[in-house]
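For reference, the structure is listed below as structure tokens.
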Amino acid sequence: MDSTNRLLAERPDSPEGTTIVAEIQTAGRGRLGRTWESPWGSGVWMSVLVHPADQPRASWAWLPLVTALAVRDALALACDLDCGLKWPNDLVSGGDQVRKLGGILVEVVGADAVILGIGINMSLLSEELPTPAATSVLREGGTPDREAFIVALQGTLESRLRQWRSGQPPLADYRSACVTIGRQVSVRLPDGSELVGLAEGVADDGRLMVREGANTVIVAAGDVIHATI
Ligand code: BTN
């Protein structure tokens, strides 16, 4: 299909948990209007529907981070891979050479439908990866078992969403998984400007705190580049 997010957006009244998984996407969508390479059979390209109207709108900002944690949990359980999170929700390999192995695109449709779009490079080989900054579960030494990952994710996502709905966003878990904290970063902001500074931490509402000179700037959305990449 073209994009699991696009197809699920046509069915916003489906029950929570409705999931579409593709073998290949011909027009996979990434964050910030980018495309997402989704070749045949070598990744998990899937979208899950959530109806979060029971929660205050301000707390929906946590959904991308909650999803990233659930994906990280499932990669550990099903693929034997320990990965980090680059703020807000990139799945990255550890160490100084931070490489992206997966990403999440959260889209709101109408008043009460949120689509959690999850893309994980599973068995792509080095020469098949779209950029040198990308990696895959296989390349990082994990087990690229797509079916086991999808099964595990059903449990981890349900449990992370329950935690979020209880009014206790998983802040401590997110902070310990987030490899952006403590790094020099450059952030491309939605208005096109660039912020360069030290990523001091993640605020209680999930936004990134960046110290630039004497000021701390709170970032709600942006594209973060770690200075070490
Ligand atoms: C990112 O840019 O990091 C987010 C990538 C999200 C890709 C996934 S693949 C399944 C779902 N369908 C899409 O079209 N995009 C998301």
Side-chain angles (χ1 to χ4, degrees), residues 1-12 14 17-50 61-72 74-75 79 83-93 98-109 113-124 128-137 139-140 144 146-147 149-150 152-154 156-157 174 177-180 185 187-190 206 208 219-226 229:
M1 70 188 71
D2 55 353
S3 154
T4 56
N5 267 34
R6 198 219 37 88
L7 190 62
L8 195 51
E10 286 182 353
R11 297 158 172 77
S14 305
T18 299
T19 299
I20 297 179
V21 183
E23 195 70 52
I24 180 173
Q25 293 183 122
T26 53
R29 306 207 295 229
R31 286 178 64 234
L32 309 169
R34 300 196 182 109
T35 56
W36 182 261
E37 298 290 328
S38 325
W40 178 271
S42 47
V44 170
W45 327 123
M46 66 185 280
S47 301
V48 182
L49 190 66
V50 179
W62 262 98
L63 284 171
L65 286 66
V66 164
T67 308
L69 273 175
V71 170
R72 180 175 182 271
L75 285 170
C79 304
C83 68
L85 302 179
K86 180 164 82 75
W87 187 91
N89 56 9
D90 284 350
L91 285 299
V92 296
S93 59
V98 169
R99 289 200 171 92
K100 179 163 169 170
L101 61 95
I104 291 161
L105 175 64
V106 174
E107 296 184 289
V108 178
V109 182
V114 174
I115 295 171
L116 312 177
I118 297 157
I120 306 292
N121 298 330
M122 278 285 179
S123 53
L124 282 95
E128 296 169 328
L129 289 161
T131 75
T135 189
S136 66
V137 169
R139 196 157 172 257
E140 295 304 314
R146 295 185 298 161
E147 199 173 311
F149 170 81
I150 292 166
L153 184 66
Q154 288 174 338
T156 59
L157 191 55
Y174 184 84
C178 182
V179 296
T180 304
V185 293
V187 188
R188 174 62 54 99
L189 298 171
L208 185 67
V219 180
D223 199 19
V224 172
I225 298 171
H226 291 175
I229 292 182

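Note that this is a predicted model, so its numbers are computed, not measured. Order of listing sets the numbers, starting from 1, for every ligand and every atom in it.
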### Query
How far is atom 6 (C) of ligand 1 from its nearest protein heavy atom, and which residue and atom name does that atom have?
Arg29 O, 3.6 Å

### Message
Looking at ligand 1, is there an atom of it that comes within less than 4.0 Å of some heavy atom belonging to Gly28?
### Response
yes

## Note on the structure
Honestly, for Asn89 the part within reach of ligand 1 (heavy atoms, under 4.0 Å) is neither

### Task
Sort out for me which residue in Glu107, Gln25, Arg29 forms a side-chain hydrogen bond (donor to acceptor under 3.5 Å, both in side chains) with Asn5.
Glu107

#### Entry: Taking atom 1 (C) of ligand 1 as the reference point, the nearest protein heavy atom with its distance
Arg31 N, 3.5 Å

### Query
How far does CD of Glu37 sit from CD1 of Ile24, to the nearest 0.5 angstrom?
10.0 Å

### Query
Which ligand 1 atoms, with their elements, are less than 4.0 angstrom from a heavy-atom of Ile104?
3 (O), 4 (C)

### Query
Do Leu75 and Val137 come within less than 4.5 Å of each other through their side chains, counting heavy atoms only?
yes

### Query
What part of Asp90, side chain, backbone, both or neither, has a heavy atom within less than 4.0 angstrom of ligand 1?
side chain

### Query
Do the non-hydrogen side-chain atoms of Leu116 and Ile104 ever get within less than 4.5 Å of each other?
no

### Task
Could you tell me whether some N/O pair between Trp45 and ligand 1 is separated by less than 3.5 angstrom?
no

### Query
Would you say Lys100 touches ligand 1, if touching means a heavy atom closer than 4.0 Å?
yes

### Message
Could you check whether any side-chain heavy atom of Lys86 comes within less than 4.5 Å of a side-chain heavy atom of Lys100, counting everything from C-beta outward?
### Response
no

### Task
Below 4.0 angstrom from a heavy atom of Met46, which ligand 1 atoms are there? Numbered from 1 as shown, please.
10 (C), 11 (C)

### Query
Out of Thr67, Ile120, Val71, which residue meets the side chain to side chain contact (heavy atoms under 4.5 Å, CB included) rule with Leu153?
Val71

### Query
Could a heavy atom of Gln25 be found less than 4.0 Å from some atom of ligand 1?
yes

### Query
Just wondering, do Arg139 and Leu129 contact through their side chains at under 4.5 Å, heavy atoms?
yes

### Query
Should you measure from each heavy atom of Thr4, which atoms of ligand 1 turn up under 4.0 Å away?
10 (C), 11 (C), 12 (N)

### Message
Do Thr135 and Asn121 make a side-chain contact, defined as non-hydrogen atoms from C-beta onward lying under 4.5 Å apart?
### Response
no

### Message
For the 3.5 Å polar cut-off, considering only N or O atoms, please tell me whether Trp36 and ligand 1 meet it.
### Response
no

